Amino acid sequence: MTAWDLAVVGAGPAGSATAIGALRADPTLRVALLDRADFPRDKSCGDGIAPHVVDLLEEAGVHGVVDDRVPVPRLRLDRGPLGVDRPMARPTWVVPRTVFDQRLVTAAQEAGAVLLRHRVREVRRTPLGLDDHEARVVVGADGAHSVVRRALGLASGPMAVAIRGYSPTPLHRSNAQVIVFDAARQPAYAWAFDRGDGLSNVGYGVLLGRHGSPTKAQMMDRLATLLPGSTEGGTAWRGHQLPLSTGRWRPPAGPVLLAGDAAGLVNPMTGEGIYYAVATGLAAGRAAAEALASGDPTSAGRRYARATRPLLAGHLRHIAAAAWLCRRGAVIDAGLRASAADQRVFDDLVELGLARGRITPTMARGLVRELAGAVRHRHHDTEEPTTCES
Ligand SMILES: Cc1cc2nc3c(=O)[nH]c(=O)nc-3n(C[C@H](O)[C@H](O)[C@H](O)COP(=O)(O)OP(=O)(O)OC[C@H]3O[C@@H](n4cnc5c(N)ncnc54)[C@H](O)[C@@H]3O)c2cc1C
């Protein structure tokens, strides 16, 4: 048995952030970062890194993770004939996960974490431990199919599935993140995110529902239809599931915490999850360190809930409501029209989709105005010409 103060399962963004959060709070802690994969490892992802992620890392003392990358200034959103193409309030980055995750793992190791290749199979509650490792606090940061989440007896929530690859960036899609909503299968969209090095991350994602999972061929077909040419010359196709957040945030009490995808924290509007992984990872690490310092490791869950509630609770309710509304094509159309008419609506939508945003009054007014306009139009178009009979 190896004994640790904190054992973190999974060395993705959530796991590395957990180790960094804990070791910044107390550099003397013995922290294990256990991952079944050898690093650097790939992860199926759109590779979109919101500026908020960089802010969180900078605040935690992790500098320069995107300094050598090309910022992406524009976002284009299309649905059928409708579209909006605007600069974002702050640029985003597109960083392959082999690069981004390795940088976070290195930062965690530099802070003092011990990275071990190990696939965790068993989580014991008394005494707390994982296979042949003992720990005073455990954080499950082991992604969409978390063994730690299962050991806590928590079911997984709604899931989406997505596939991504890398293909050459055509001129008309350079310097931008492009999203094309799929009017044929709602909610679903295709994307092409320019990496700035001649290649784009391209992909297609869809909510899993009653109709089950689409095949790889079906997803590739939708991607090629929605973003013509995007699959040509494509390599490294890889699919994965996305555990979508619901409107509720109730982390369990006790010495076993969940962060990132393991906690079911992917934005159901956009499929974005790295921000939540880093935010909850840092908070979980800090909560673990505080609980250990207090001499009561079982208080970690309570401390984690207290720290993350102000950050997440309201936001998750708003994105759940927005995702529900976005199941209606008419609402997406209204959002696109309102964003095309007003940069502030566009900025608020981006904030809601990327990190901490809420449904703002400006956004709500824009949506209502456009929905009412669409109803008036339809009424006008379908009105029968009145005839007078004598
Ligand atoms: C196709 C696709 C596109 C996406 N696009 C974006 C995007 O553009 N931007 C964005 O922000 N988010 C995106 N996401 C979501 C994002 O990928 C996840 O939210 C993010 O990876 C979550 O990080 P994490 O650290 O929680 O989990 P992960 O990154 O999945 O890391 C979990 C780690 O745990 C390890 N592990 C799993 N089980 C065990 C075990 N039993 N023992 C030991 N180790 C284990 C794995 O090897 C892995 O390294 C996308 C997801 C998909 C599928």
Side-chain angles (χ1 to χ4, degrees), residues 7-19 32-54 72 92-98 100-102 104-105 108 115-123 130-131 133 138-151 159-165 177 179 189-193 195 200-206 208 219 223 236-245 258-282 284 353-355:
V8 185
V9 189
S16 293
T18 302
L33 198 47
L34 308 167
D35 202 292
R36 65 184 177 195
D38 253 338
F39 276 73
R41 63 102 179 83
D42 192 12
K43 154 83 176 73
S44 175
C45 188
D47 302 338
I49 309 288
H52 314 73
V53 174
V54 180
V72 183
T92 57
W93 283 267
V94 182
V95 188
R97 296 288 297 274
T98 39
F100 184 75
D101 290 18
Q102 178 59 52
L104 298 198
V105 164
L115 177 69
L116 297 171
R117 178 152 187 211
H118 178 87
R119 177 192 286 268
V120 171
R121 297 180 193 279
E122 188 205 2
V123 183
L130 311 157
D131 305 331
H133 295 268
V138 167
V139 175
D142 48 341
H145 305 290
S146 168
V147 291
V148 182
R149 184 183 179 94
R150 259 203 316 274
M159 288 273 182
V161 65
I163 189 165
R164 77 93 228 262
Q177 293 198 331
I179 288 177
Y189 71 78
W191 72 84
F193 294 169
R195 292 181 1 179
S200 285
N201 180 313
V202 295
Y204 177 83
V206 60
L208 288 177
M219 291 201 284
L223 172 57
W237 297 105
R238 188 186 266 257
H240 201 67
Q241 293 197 341
L242 299 89
L244 305 179
S245 75
L258 297 171
D261 277 17
L265 284 176
V266 171
N267 188 316
M269 276 177 74
T270 57
E272 212 260 5
I274 296 171
Y275 168 76
Y276 307 102
V278 172
T280 55
L282 289 170
L354 286 189

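Whatever order the structure lists them in is the order used to number ligands and atoms, beginning at 1. Because the structure is a prediction, the values reported are computed rather than measured.
Not one N or O of A277 is nearer than 3.5 Å to an N or O of ligand 1, by distance alone. Taking distance alone, with nitrogen or oxygen atoms compared against 3.5 Å, L242 stays at or beyond that limit from ligand 1. On a distance-only criterion, I274 and ligand 1 share at least one N/O pair closer than 3.5 Å. An N or O contact shorter than 3.5 Å links D35 to ligand 1 by distance. Residue G46 has at least one N or O atom closer than 3.5 Å to an N or O atom of ligand 1. Close N/O approach between G48 and ligand 1 is found [any backbone or side-chain N/O within under 3.5 Å]. Considering backbone and side-chain N/O atoms, R36 comes within less than 3.5 Å of an N/O atom of ligand 1. For ligand 1, the polar-atom distance check finds an N/O of G273 within less than 3.5 Å of one of the ligand's N/O atoms. Of the N or O atoms in Y275, none lie within a sub-3.5 Å distance of an N or O in ligand 1.
Within ligand 1, counting atoms from 1 as listed, the ones closer than 4.0 Å to a heavy atom of H118 are 42 (N), 43 (C). Annotation for ligand 1: atoms under 4.0 Å from non-hydrogen atoms of D261 are 18 (C), 19 (O), 20 (C), 22 (C), 26 (O). Of all atoms in ligand 1, listed by their number and element, those nearer than 4.0 Å to a heavy atom of V266 are 19 (O). Residue-ligand proximity, G271 to ligand 1, at heavy-atom distances under 4.0 Å covers atoms 6 (C), 12 (N), 13 (C), 14 (N), 15 (C), 50 (C). Taking every heavy atom of G260 and a limit of under 4.0 angstrom, the matching atoms of ligand 1 come to 26 (O). Heavy-atom proximity to A141, at under 4.0 Å, picks out these atoms of ligand 1: 32 (C), 33 (C), 34 (O). When each atom of ligand 1 is checked for a heavy atom of G10 under 4.0 Å away, the hits are 33 (C), 34 (O), 35 (C).
In D47, the part holding a heavy atom less than 4.0 Å from any atom of ligand 1 is the backbone. Both the backbone and the side chain of A14 come within contact range of ligand 1, each with a heavy atom under 4.0 Å. At a heavy-atom cutoff of 4.0 Å, ligand 1 is contacted by no atom of R121, backbone or side chain.
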Take R97 and D47 through the salt bridge (Lys or Arg N to Asp or Glu O under 4.0 Å) test and state the conclusion after the steps.
CA-CA 6 Å; R97 296 288 297 274; D47 302 338; 5.6 Å; no

Verdict with reasoning, D35 to H118, per side chain to side chain donor-acceptor pair (under 3.5 Å):
CA-CA 5 Å; D35 202 292; H118 178 87; over 6 Å; no

What's the verdict on side-chain contact (heavy atoms from CB on, under 4.5 Å) for V94 and Q177, showing C-alpha distance, side-chain angles and the deciding distance?
CA-CA 9 Å; V94 182; Q177 293 198 331; 3.6 Å; yes

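In terms of protein heavy-atom proximity, atom 29 (O) of ligand 1 is closest to R97 NH2, 2.9 Å. When only non-hydrogen protein atoms are considered, atom 6 (C) of ligand 1 lies nearest to C45 SG, 3.3 Å. The closest protein non-hydrogen atom to atom 37 (C) of ligand 1 is D142 O, 3.3 Å. Nearest protein neighbour of atom 52 (C) of ligand 1, counting heavy atoms only, is S44 O, 3.4 Å. Nearest to atom 40 (C) of ligand 1 among the protein's heavy atoms is V120 N, 3.7 Å. Closest to atom 27 (O) of ligand 1, if we only count protein heavy atoms, is G143 CA, 3.8 Å.
Looking at every heavy atom in both residues, R195 comes nearest to P96 through NH1-CG, 3.7 Å. Of all heavy-atom pairs spanning A262 and G140, the tightest one is CB-O, 3.4 Å. Contact record, A7 with L130: CB-CD1, 3.6 Å, taken as the closest heavy-atom pair. Closest of all the heavy-atom pairs between L258 and S146 is CD2-OG, 4.2 Å. The nearest pair of heavy atoms linking L33 to G15 is CD1-O, 3.5 Å.
Residues N201 and W191 bring a donor and an acceptor atom of their side chains to less than 3.5 Å of each other.
Here the side chains of I274 and C45 are in contact, with some heavy-atom distance below 4.5 Å. Contact check for F193 versus I179: side-chain heavy atoms found under the 4.5 Å cut-off.
The existence of a salt bridge linking R238 and D42 is confirmed by a sub-4.0 Å separation between a basic side-chain nitrogen and an acidic carboxylate oxygen.
Under the rule for a salt bridge (charged side-chain N to carboxylate O under 4.0 Å, His left out), R36 has no partner lying at least two apart in sequence or in another chain. Residues forming a side-chain hydrogen bond (donor to acceptor under 3.5 Å, both in side chains) with R150 (at least two apart in sequence, or on another chain): none.
The residue among R119, E122, K43 with a heavy atom at the shortest distance from atom 28 (P) of ligand 1 is K43.
Using a 4.0 angstrom heavy-atom cutoff, G203 does not count as in contact with ligand 1. Between G205 and ligand 1 there is no heavy-atom distance shorter than 4.0 Å.
Among V105, D101, T98, the single residue meeting the side chain to side chain contact (heavy atoms under 4.5 Å, CB included) criterion with R41 is D101.
Looking at T92, its side chain never comes within 3.5 Å of a backbone N or O of I49 through a donor-acceptor pair.
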